[in-house]
K.L.:
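Encoded as structure tokens, here's the structure I'll be asking about.
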Amino acid sequence: MKQHIDILIKNANIIDAKQKTIKKGNIAIECNKIVEYDLNKEYIIDDELNGEGYYVSSGWIDAHTHIFYECTESGLPADVSLIPMGVTTTIDGGSCGYGNWKTFKKNIVDNSILNVYYSINVSPSGQITERYPENIDPRCYILEEYKKIMQEDSKYSRGLKLRYGTEVVEKFGNNVLDEVIELANKLGCFLTVHVTNPPCEMEEIINKMRDGDIVCHIYQGKRSTILDENNIVKKAIFKAQKRGVFFDSADARINHSYAIIRPAIEQGFKPDIISTDLTYASMFRNMCWGLPVVLSKWLNLGLSLEEVIQACTYNPAKIHHLGDGLGTLDVGAHGNVTIFKVINKEFHMKNRLNEDFIGQKLIVPQVTIINGKIVYRNVEFPF
């Protein structure tokens with residue numbers, strides 16, 4: 001009896017993000033999972049895609065977005081926005097707190113085509129608006145409320161989120177980070193810390209991070225940065241990365257600076273994760289646009305294609321402990337796949353620091369497959 005295959009992608013340039021290699025091959029999906037494909041066997045195939053001239057990777061993960069649509073000012077409609085961008089999985093970066101978690105879980109996590117994970121903001125109300133900072137007063141940290149979320153939704157909740165910018169923490173004193181770390185220790189979870197415009201020296205923050213914690217916006221250019229007065233990456237940064245602290249670009253419109261990125265890359269400090277910090281206001285606009293353009297930017301800045309794809313697939317899946325084989329094309333992994341091409345096309349970006357960037361190579365998504373279903377297909381992709 002012939003074996004059945006739902007989707008077969010043939011003759012594609014397959015990127016193994018785990019090994020950072022590219023080789024020609026085929027990817028087969030059956031019953032929502034990656035399966036073996038034997039050239040010497042005959043199959044009944046429902047949908048055969050010609051991958052000749054295209055790249056195939058495990059489904060892209062945008063590991064920092066804001067998707068609490070219609071409940072927060074920044075929230076974007078996740079499925080209609082991210083799926084055409086090649087994204088199969090996203091992690092919301094602290095849009096909700098324990099006070100509005102039930103709405104986020106019911107309306108967003110449970111009703112999205114995308115695989116949706118999330119960090120819990122230490123603020124009970126989350127990050128509702130960009131017009132004023134959230135309340136991160138340690139007196140509001142109710143251990144049982146965070147614990148309840150992590151127990152009830154252990155698969156999708158991914159630890160705590162703290163925005164540790166001066167404008168957020170200054171009225172609460174210098175012990176906020178210590179209080180949040182203590183809270184994370186009690187919960188047994190990791191912590192994601194926003195470091196744009198920090199209230200202290202960057203080294204002080206980095207040295208407090210525990211192994212497994214994530215620092216986002218690491219290439220920010222406001223106040224203390226990862227570079228010293230001689231544009232040298234501070235030793236504390238390399239030491240932290242070596243011992244197991246992870247660094248997420250989370251570029252956004254203002255949370256990255258090319259004056260920081262370029263010397264850092266030259267000195268060998270590269271992001272573990274590349275993500276967007278995409279919001280409703282930055283979506284499809286040239287300060288951020290979305291994951292394909294942000295990935296393209298890093299490709300043009302000097303990372304290899306293999307490094308770029310690893311930073312939006314295998315690395316975030318491993319760092320955030322996502323499970324289900326996400327971030328890989330291993331046999332048995334859930335069938336999350338992105339097909340894309342790289343074209344020679346000039347594009348222009350300008351961030352909120354008024355820094356210009358012009359790239360020459362653009363990564364363009366063609367097909368998005370989520371849990372074994374084709375949910376987006378560019379009209380130019382061959383039929």
Side-chain angles (χ1 to χ4, degrees), residues 2-19 21-39 41-52 54-63 78-91 109-117 155-156 291-292 295 306 309-341 363-378 381-383:
K2 293 181 181 179
Q3 183 178 337
H4 182 266
I5 288 177
D6 292 324
I7 302 170
L8 177 65
I9 307 166
K10 293 192 69 175
N11 302 320
N13 298 304
I14 299 172
I15 300 179
D16 183 336
K18 189 188 304 186
Q19 304 298 329
T21 60
I22 303 176
K23 64 180 181 180
K24 202 75 171 285
N26 309 295
I27 296 293
I29 300 173
E30 168 64 13
C31 294
N32 304 335
K33 294 185 178 181
I34 306 290
V35 296
E36 291 182 353
Y37 177 73
D38 187 341
L39 288 171
K41 291 184 179 180
E42 292 186 3
Y43 297 87
I44 299 171
I45 301 170
D46 285 350
D47 204 339
E48 184 172 312
L49 305 180
N50 180 8
E52 187 71 44
Y54 295 90
Y55 293 97
V56 174
S57 72
S58 54
W60 293 351
I61 301 167
D62 195 339
D79 285 344
V80 298
S81 305
L82 302 181
I83 288 173
M85 294 184 184
V87 175
T88 65
T89 302
T90 192
I91 304 172
V109 178
D110 294 343
N111 280 289
S112 294
I113 297 171
L114 286 155
N115 302 299
V116 174
Y117 297 79
K155 179 172 182 177
Y156 297 107
L291 191 59
L295 296 177
E306 296 94 321
I309 297 303
Q310 185 183 66
C312 73
T313 56
Y314 180 72
N315 283 0
K318 182 179 179 181
I319 290 166
H320 285 275
H321 311 287
L322 300 188
D324 292 337
L326 294 175
T328 77
L329 292 172
D330 293 345
V331 171
H334 284 207
N336 293 279
V337 176
T338 302
I339 304 176
F340 65 98
K341 62 182 178 179
I363 297 172
V364 184
Q366 300 295 305
V367 178
T368 308
I369 302 171
I370 298 180
N371 296 322
K373 308 294 182 185
I374 298 175
V375 292
Y376 168 76
R377 183 169 180 164
N378 189 306
F381 188 80
F383 283 88

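Along the sequence shown, residues carry numbers from 1.
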K.L.:
Compare every heavy atom of D62 with every heavy atom of V87, then report the nearest pair and how far apart it is.
P.N.:
CG1-N, 4.1 Å
K.L.:
Minimum heavy-atom separation for N50 and F381, please, with both atom names.
P.N.:
O-CZ, 3.5 Å
K.L.:
Calculate, to the nearest 0.5 Å, the distance between atoms CG and CD1 belonging to N13 and I22 respectively.
P.N.:
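Here the rounded value is 7.0 Å.
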K.L.:
Which heavy atom in P292 sits nearest to a heavy atom in P365, and how many Å separate them?
P.N.:
CG-CG, 3.6 Å
K.L.:
Looking only at non-hydrogen atoms, find the nearest pair between V116 and Y156 and report the distance.
P.N.:
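Heavy-atom minimum between the residues: O-CD2, 3.1 Å.
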K.L.:
What I'd like to find out is whether the side chain of N378 reaches to under 4.5 Å of the side chain of V367, using heavy atoms alone.
P.N.:
no
K.L.:
Roughly how far, to the nearest 0.5 Å, is CD1 of I27 from OH of Y37?
P.N.:
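Between atom OH of Y37 and atom CD1 of I27 there are 12.0 Å.
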K.L.:
At what distance, to the nearest 0.5 angstrom, does CG of D79 lie from CG of L114?
P.N.:
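Nearest 0.5 Å value for the CG-CG distance: 4.5 Å.
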K.L.:
I would like to know whether D47 and I374 meet side-chain contact (heavy atoms from CB on, under 4.5 Å); could you show each step before the answer?
P.N.:
CA-CA 10 Å; D47 204 339; I374 298 175; 3.4 Å; yes
K.L.:
Compare every heavy atom of L49 with every heavy atom of I7, then report the nearest pair and how far apart it is.
P.N.:
CG2-CD1, 4.2 Å
K.L.:
Working to the nearest 0.5 angstrom, can you tell me the gap between H4 NE2 and I44 CD1?
P.N.:
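The NE2 atom of H4 sits 6.5 Å away from the CD1 atom of I44.
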K.L.:
Quick check for you: to the nearest 0.5 Å, what is the distance between N371 atom CG and D324 atom CG?
P.N.:
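The CG atom of D324 is 7.5 Å from CG of N371, to the nearest 0.5 Å.
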K.L.:
Going by the side-chain hydrogen bond (donor to acceptor under 3.5 Å, both in side chains) test, which pairs reach into residues 312-323, not counting sequence neighbours?
P.N.:
none
K.L.:
For the pair Y43 and L8, evaluate side-chain contact (heavy atoms from CB on, under 4.5 Å) and give the outcome as yes or no after the intermediate values.
P.N.:
CA-CA 10 Å; Y43 297 87; L8 177 65; over 6 Å; no
K.L.:
Do N32 and K373 come within less than 4.5 Å of each other through their side chains, counting heavy atoms only?
P.N.:
yes
K.L.:
Side chain of S112, backbone of V109: donor and acceptor closer than 3.5 Å?
P.N.:
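Here the side-chain-to-backbone pair does not exist.
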K.L.:
Could you walk me through whether Y117 and L322 pass the side-chain contact (heavy atoms from CB on, under 4.5 Å) test, one step at a time?
P.N.:
CA-CA 8 Å; Y117 297 79; L322 300 188; 3.8 Å; yes
K.L.:
Hey, does T90 have a side-chain heavy atom less than 4.5 Å from the side chain of I61?
P.N.:
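Heavy-atom side-chain distance check fails, nothing below 4.5 Å.
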K.L.:
Hey, could you give me the CD1/CD1 distance between I45 and I29, rounded to the nearest 0.5 Å?
P.N.:
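Result: 12.5 Å between the selected atoms.
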K.L.:
Is any side-chain heavy atom of K24 less than 4.5 Å from a side-chain heavy atom of E52?
P.N.:
yes
K.L.:
Would you check, one step at a time, whether the test side-chain contact (heavy atoms from CB on, under 4.5 Å) holds for L329 with I14?
P.N.:
CA-CA 9 Å; L329 292 172; I14 299 172; 3.7 Å; yes
K.L.:
I'd like to check the ring pair (Phe, Tyr, Trp, His ring centres under 6.0 Å) partners of Y376; sequence neighbours left out, ordered by chain and number.
P.N.:
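So Y376 forms no ring pair (Phe, Tyr, Trp, His ring centres under 6.0 Å) with any residue.
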K.L.:
What orientation do Y55 and F340 show, parallel under 30°, tilted 30 to 60°, or perpendicular over 60°?
P.N.:
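Ring orientation of Y55 relative to F340: parallel.
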K.L.:
State whether the number of non-hydrogen atoms from other residues, nucleotides or ligands found under 6.0 Å of E48 atom CD is greater than 12.
P.N.:
yes
K.L.:
I need the full list of salt bridge (charged side-chain N to carboxylate O under 4.0 Å, His left out) pairs touching residues 3-18, with sequence neighbours left out, sorted by first then second residue.
P.N.:
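Every salt bridge (charged side-chain N to carboxylate O under 4.0 Å, His left out) pair that includes a residue of residues 3-18, provided the two are not neighbours, is K18-D330.
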K.L.:
As a test of understanding, state which of L295, T89, T368, T88 forms a side-chain contact (heavy atoms from CB on, under 4.5 Å) with W60.
P.N.:
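Looking at L295, T89, T368, T88, the match for W60 under the side-chain contact (heavy atoms from CB on, under 4.5 Å) is L295.
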K.L.:
Do you know which two heavy atoms are closest between R377 and P382, and how far apart they sit?
P.N.:
NH2-O, 2.7 Å
